[in-house]
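Right, one structure below, let's go through it.
Quick note: numbers below take in every heavy atom, side chains included, and nothing from hydrogens, waters or symmetry partners.
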Number of protein chains: 2
Amino acid sequence: MQKITIQEIVRISIDLFRKQGYNRTSMNDLALACGLQKGSFYHYFNSKEALMQGVLNTLHQYYKNKIFSLAYNDDISAKARMESFFLKQEPIFTQDLAGCLFGNITLETISVEVEFRSVIQAFFSDWIAAFKHIFIADGCTDEMASQLAKQSVMEIEGALMMMRVFEDVEILRQACVSVLKKFKN
Amino acid sequence: MQKITIQEIVRISIDLFRKQGYNRTSMNDLALACGLQKGSFYHYFNSKEALMQGVLNTLHQYYKNKIFSLAYNDDISAKARMESFFLKQEPIFTQDLAGCLFGNITLETISVEVEFRSVIQAFFSDWIAAFKHIFIADGCTDEMASQLAKQSVMEIEGALMMMRVFEDVEILRQACVSVLKKFKN
DNA sequence: ATATCTCAACCAAACGTTTGTTTGGTTGAG
DNA sequence: CTCAACCAAACAAACGTTTGGTTGAGATAT
């Protein structure tokens, strides 16, 4: 009988990596938070890098299934879809004022730990694609939707940074409002 | 006769911290890049944290004197001021595709290394204030200028993140174009 | 002008601690 | 009996920092 499931380990790791960053979070930190010895961690993942890969992949899948998918719900209006998107996203990004794991890890590691680049790129590509689909549903041209989607993702990531700098979740909310103003209908 | 000046040490440190982040950059890395033994570094700064503080303060001052100041040149139009701002800023942010040191360090450290928070906050406050002054010169209300300024800084920081993710400096340029579209005159 | 002193600027080596990882052994459910 | 699930301990390497000593240019004294 195991003390903890892999899913729980990943969930705890997400939290820690998001708050403390990749390099600042030690295997000991992670193990302790999971109630394990750090050596026991290697029963589940055979390196810190492998753990991070698992964490990023799991989180990417979660976003695809639970959040990005909201963009493709053609039953409701484009704007309503974006609102549901934000509603789902907000509590995740605001908890502990730690923002977006992918964004944080990007600025910390992407020039040095190149092994995370492809997952990071895939995550943001999917995010942008989801937003683009919403903007097309709003009546935008392909070109225009593409531009607005990128712009919206950047605004949110920038807002998450400012949210953490000034410790004010309202900054994120205003960014979401700003994105919603881009809609025609 | 010294091998290297403090100014050069700080400049080299800025480059390394910007590329590799705070925790991933060791005192050995920094010393080697400066042609010194890592122990010799403590003749100039008595801790890694003190070095980073020096780096952040120096960079903050540089921005205030050389970049943010462009916003207050009331001889030229608001839009022209923003353009000169971007022109000065771009080569700094795009070199080595490493983005903005303050932005990078924010997402890596702000939840853990709280000692950098006040410098980071001061930097972004001054940046936003500079942009706000430009938007007021463009004829915006105080409220409107404040909002546009924050929005613009967020867009640029978000764009810097995407620039690094997709290794495409064009993303930053487009963000600047997008900001320039906010001007009435 | 030469000898002496001084002190900033450095080096080489070691410090204790923490890092990620490995090893060998124990436990207990099936 | 077996094997996944763990622990306790050790591992080498890297970390930030300290130590003690060397160097040499410039000030001071003779």
Output yes when at least one side-chain N/O atom of Ser40(B) is less than 4.0 Å from OP1 or OP2 of dC11(C), else no.
-> yes
Side-chain donor or acceptor of Thr25(B) paired with backbone N/O of Gly21(B) under 3.5 Å | yes
How many Å lie between CD on Glu113(A) and P on dG20(C), as a whole number?
-> 11 Å
Below 4.0 Å: OP1/OP2 of dC7(D) and any side-chain N or O of Lys38(A) | no
Is atom CE of Met144(B) surrounded by more than 12 heavy atoms (other residues, nucleotides or ligands) closer than 6.0 Å?
-> no
Spacing between Asn28(A) atom CG and dA8(D) atom P, to the nearest angstrom = 13 Å
Measure the distance from CG on Asn46(A) to P on dT22(C) and round it to the nearest whole Å.
-> 8 Å
Assign Thr25(A) to base, sugar-phosphate, or nothing according to its heavy-atom contacts below 4.0 angstrom with the strands shown.
-> sugar-phosphate
So, Phe166(B) versus Phe124(A), ring centres under 6.0 angstrom or not?
-> no
Where each residue is assigned the nucleotide of DNA chain D containing its nearest heavy atom, which of Tyr22(B) and Met1(B) is assigned the position nearer the 5′ end?
-> Tyr22(B)
May I ask you to decide if Lys19(B)'s main-chain N or O and Asp96(B)'s side chain share a donor-acceptor pair within less than 3.5 Å?
-> no
Look at Ser26(B) and dC15(D) and indicate whether a side-chain polar atom (N or O) is within less than 4.0 Å of OP1 or OP2.
-> yes
Rounded distance in Å - NZ (Lys48(A)) to P (dT21(C)) = 8 Å
Regarding Ser178(B) and Glu155(B), is there a side-chain donor-to-acceptor distance under 3.5 Å anywhere?
-> yes
Once you round it to whole Å, what is the distance between P of dT18(C) and CG of Asn23(B)?
-> 15 Å
Please give the nucleotide sitting opposite dA29(C) as a Watson-Crick or G-U wobble pair, both distances under 3.5 Å, or none.
-> dT2(D)
Select base, sugar-phosphate, or nothing to describe what Gln2(A) touches, counting heavy atoms under 4.0 Å on all strands.
-> sugar-phosphate
Return the value, rounded to whole Å, for the distance between atom CD of Gln37(B) and atom C1' of dT17(D).
-> 14 Å
Using Watson-Crick or G-U wobble geometry with both distances below 3.5 Å, tell me the partner of dT4(C), or none.
-> dA27(D)
d(CD1, Ile6(B); C1', dA8(C)) in whole Å = 12 Å
